[in-house]
Amino acid sequence: TGSGKTLAFLLPAMIHINAQPYLQRGDGPIVLVVAPTRELAMQIKQECDKFGASSEIKNTVVYGGVPKHTQTRDLRNGVEIV
């Protein structure tokens, strides 16, 4: 997929996130993105990293088959986008 298609749904989500108060530890997420494959989920995360960096929007990706320590830590610390 290209950045344009991903940005088509991420941009409105990021605008909504920027209108919310900052997350506190344990809050969130504000946006949930569901993808049919691990590869697509990872691509979406890369786009979230790229386009959310200037607004300091935190995100993580959650999928099976890997140790869950990093995923759990990110969720506990608070992320706006999963």
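In this text, all values refer to a predicted model and were calculated from it rather than measured experimentally.
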More than 12 heavy atoms from other groups under 6.0 Å of CZ on Arg73: yes

Side-chain heavy-atom pair Asn18, Ile57 within 4.5 angstrom cut-off: yes

Trace of the side chain to side chain contact (heavy atoms under 4.5 Å, CB included) decision for Tyr22 with Asp27: CA-CA 9 Å; Tyr22 287 110; Asp27 285 351; over 6 Å; no

Connected via hydrophobic side-chain network under 4.5 Å: Ile30 and Met14: yes

Value rounded to 0.5 Å, distance of CZ in Arg76 from CD in Gln71: 12.5 Å

Sequence neighbours excluded, every pair satisfying salt bridge (Lys or Arg N to Asp or Glu O under 4.0 Å) that has a member inside residues 48-62: Lys45-Asp49, Glu47-Lys50, Lys58-Glu80

Val66-Val62 co-clustered via ILVMFWY side chain contacts under 4.5 Å: no

same_hphob_cluster(Leu10, Leu23) at 4.5 Å side-chain heavy-atom cutoff: yes

Side-chain touch Phe51/Leu11, heavy atoms, less than 4.5 angstrom: no

Contact check, side chains of Ile44 and Val61, non-hydrogen atoms, under 4.5 Å: no

Donor-acceptor under 3.5 Å (Arg38 side chain, Tyr63 main chain): no

Single-linkage hydrophobic cluster, 4.5 Å side-chain cutoff, Phe9 and Leu32 together: no

Close side-chain approach of Leu75 to Val82, heavy-atom, < 4.5 Å: yes

Verify same cluster id: Ile15, Val79 (apolar side-chain graph, 4.5 Å): no

NZ on Lys68 to CG on Asp74, rounded to 0.5 Å: 15.0 Å

